[in-house]
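First up is the structure itself, then whatever we jot down about it.
Side-chain atoms are counted along with the backbone in the values below, which use heavy atoms only and exclude waters and symmetry mates. One-based numbering along the sequence shown. Remember, predicted model here, so these are calculated numbers, not experimental data.
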Amino acid sequence: MSVVQEKSIKSSISMPLMISGKNLVKLQSIRSQSRINISTFDKGVKIEVPDKDVSFIQEILGRNSESTNWPVNVEKKRQKVTLMYIEKDDDEDKSNSKINTLTSTLPCIRENSISSQKRSNKKSKTKPALLKPLRNPLENYKFVVNSLQTSNGFELIRPKKSYKYYIGSGNNDSLVNKIMHNKIGWIKVYNHFSANFIWTQVKKKEIMETIPKNEEVLEKNKNTCNVHINIFGEEKYTEILPLIQIESSKLRVYNRIDRNRELSSKKRLFKNLKTYYSSKAEDVFKYIPLTFHIKSGSRDPVFSEFKEAFIKINDQVENENDPYLTNAWLVKPGELTNRGIGISVCTTIKEIVDRIDDLDPGTKHQRTYIIQKYLYRPLLYKNRKFDIRCYALITCYNTNLQGFFYQDGYLRTSVAEFSLENAKNKFIHLTNDAVQKKSSEYGKYEDGNKLSYTEFQQYLEAIYGKSVNFFKDILPGIKNLVKDSIQSTYKKLNPKNCLHTFEILGYDFMIDEFFKPWLIEVNTNPCLALSGPYLTVLIPKMLTDAFHIALDPFFSNDFADFDDNRFVMVFNKATNEE
């Protein structure tokens, strides 16, 4: 929904929506990307545009000559122009045509020969009658919010007109404050004690303890209902029985999930994925690089297994004529770390031993490590390494856990050409923004060292032609890996049934030259810095979409276009068959 439309709704729901010619094009673009058949569009809200934009709009509508047989009628009224579509049977007289207002998410409409006649100077003697829209934006908003509520087994009672939010400092808190400031019905407070919504950059135990708990567990779905809403994906059921009533004024929602380390800790993620894929009789190393978890340095029995693998690969390097095969390994702290902190690229056993036998500088105790094989034949972007950052949203509401995948993300590129001959150069091997921005060449090749999915697809087409499509051949595999990671951990997340929590997670993937995605790690508190023009659009949109799903079912004062929400559900505990 455009900003102008949104303001119109907030000011007066009964008034017709106002859009400009530019917004019309934007709405057409959004709708065309959704790939929904033209016959599925609701016959929605009347749209009025300024008189000066009529010729422009007529030109736009006339470009899509094969989309539908709906002619366009342009009727001047009170210095405005009303666009309407007419459903007409060939055998019917014009006076019997059904007239409806044009939907706010504009489909592609053509002007046929009949519409050309209507644009003549002759005025129609029969004034068309406007029918009431089937579902206006406010009704559609309430419908989606209600579906999100029932999908988690609750309904609201006694909602308030205003709520309080608290935003802790750190990780671009000014952006989060700005988004919440623009949401209807929210007031900022400066301590978390009275807040209905709490946001902090790291999980705080003292706040988590204030979130109410629920010992009751939802019954498994008996009556299911597919509501065909975009964010629920295909065949995602939303109705859960029995429903409980929740008083929104007493709610406290926190943006951190208890035991989120089951996903964001490298060692726990590895353990959970290994257990999950083993239960499915699958090899975890089809989805993540060969990995060893070392708990007690070089004395650990698992380190002996690693040495055997190292020697075997070394023999292959010496005996096989494969210029891409190397014996390089990434050594990472097993606990919660991000921003590339503590990661080393090692090519000898001695280097690895020195690294894993090093004591934790803070506690002086032995810490655990992940030793992970460097990806074989990583796909490069203009001879430089890259990885993919995407987002997931996990909500834990009313003892139910749901996972959502964000369909937009970005590539993080390195500033130096790829080579394993210099394993110590972090500007070659670590694409984390915290590492790359320290280089004097940061931003030299791409703004902020970032690329959109569309830009990457253009590069693939330039190199490989039409043989590979990121959106069809690669992104679905990434989405499935996000789903599997949630599936492998959901029984361990939120063990105390805190009401109500959610979290936005940052996932990192790499792609090999065979276009296969590999899950590298999951990050709590993903970076929200707007480094580069693309991220100044992507991250605010992602946060806004997340808040509409995570907050609006409880505090539904805002009005959102859920058709434009880029999150899609990939997991629902209540309907999980496992």
Quiz item: Which class fits the ring pair Trp329 and Phe292: parallel under 30°, tilted 30 to 60°, perpendicular over 60°?
Solution: tilted
Quiz item: Is Lys142 atom NZ crowded by more than 12 heavy atoms from other residues, nucleotides or ligands, each under 6.0 Å away?
Solution: no
Quiz item: Do Pro289 and Ile520 come close enough that some side-chain heavy atom pair is under 4.5 Å?
Solution: yes
Quiz item: Any donor and acceptor pair, going by atom type alone, linking the side chain of Glu503 with main-chain N or O of Ile394 inside 3.5 Å?
Solution: no
Exercise. For the residue pair Tyr397 and His500, categorise the inter-ring angle as parallel (less than 30°), tilted (30 to 60°) or perpendicular (more than 60°).
Key: perpendicular
Quiz prompt | Inter-residue atom distance Met510.CE - Phe386.CZ, 0.5 Å rounding | solution = 7.5 Å
Quiz item: Can we say Asp545 and Arg566 salt-bridge, meaning some charged N sits less than 4.0 Å from an Asp/Glu carboxylate O?
Solution: no
Quiz prompt | Polar side-chain atom of Asn172 near backbone of Leu528 as donor-acceptor pair, under 3.5 Å | solution = yes
Quiz item: Ignoring hydrogens and geometry, is there a side-chain-to-backbone donor-acceptor pair from Arg412 to Asp387 under 3.5 Å?
Solution: no
Quiz item: Once the angle between the rings of Tyr459 and Phe456 is folded into 0 to 90°, is it parallel (under 30°), tilted (30 to 60°) or perpendicular (over 60°)?
Solution: parallel
Quiz item: Parallel under 30°, tilted from 30 to 60°, perpendicular over 60°: which one fits the rings of Tyr490 and Phe571?
Solution: tilted
Quiz item: Side chain of Lys516, backbone of Lys286: donor and acceptor closer than 3.5 Å?
Solution: yes
Quiz item: Considering all heavy atoms of both residues, which atom of Asn272 and which atom of Ser488 are nearest to each other, and what is their separation?
Solution: O-CB, 3.6 Å
Exercise. Identify the two heavy atoms, one from Glu521 and one from Leu269, that lie closest to each other, and give their separation to 0.1 Å.
Key: CA-CD2, 4.3 Å
Quiz item: So, Tyr277 versus Tyr287, ring centres under 6.0 angstrom or not?
Solution: yes
Quiz item: What is the ring orientation for Tyr391 with Tyr410, classed by angle as parallel under 30°, tilted 30 to 60°, or perpendicular over 60°?
Solution: tilted
Quiz item: How many angstroms lie between atom OG1 of Thr544 and atom CD1 of Ile539, to the nearest 0.5 angstrom?
Solution: 11.5 Å
Quiz item: Just by modelled atom types, is the Val202 backbone N or O under 3.5 Å from a matching donor or acceptor in the Asn525 side chain?
Solution: no
Quiz item: Mind checking whether Trp186 and Tyr163 have parallel, tilted or perpendicular rings, split at 30° and 60°?
Solution: tilted
Self-check item: Leu481 side chain near Trp518 side chain, heavy-atom distance below 4.5 Å
Solution: no
Quiz item: In a check of side-chain hydrogen bond (donor to acceptor under 3.5 Å, both in side chains) between Asp508 and each of Asn432, Asn523, Thr431, which one passes?
Solution: Asn523
Exercise. May I ask you to check whether Phe562 and Phe143 place their ring centres under 6.0 Å from each other?
Key: no
Quiz item: Does Asp300 use its side chain to pair, donor to acceptor, with the backbone of Lys295 at less than 3.5 Å?
Solution: yes
Quiz prompt | Distance (rounded to the nearest 0.5 Å) between Leu430 CG and Gln436 CD | solution = 8.0 Å
Practice problem: Determine the interplanar angle of the Phe567 and Tyr406 rings, folded into 0 to 90°, and report it as parallel if under 30°, tilted if 30 to 60°, perpendicular if over 60°. | Solution: tilted
Quiz item: With distance as the sole test, does Asp558 use its side chain to make a donor-acceptor pair with the main-chain N or O of Asp552 at under 3.5 Å?
Solution: no
Self-check item: Exam field: side chain Asn400 to backbone Ser151, donor-acceptor pair closer than 3.5 Å
Solution: yes
Quiz item: Out of curiosity, Leu401 CG to Leu493 CG, how far, rounded to the nearest 0.5 Å?
Solution: 6.0 Å
Quiz item: Looking at CZ of Phe559 and NE2 of His548, how far apart are the two atoms once the value is rounded to the nearest 0.5 Å?
Solution: 11.5 Å
Quiz prompt | Asn494 side chain vs Asp258 backbone, donor-acceptor pair below 3.5 Å | solution = no
Quiz item: Is there a donor-acceptor pair under 3.5 Å between the side chain of Asn255 and the backbone N or O of Thr200?
Solution: yes
Quiz prompt | pair Glu461-Lys466: side-chain heavy atoms closer than 4.5 Å | solution = yes
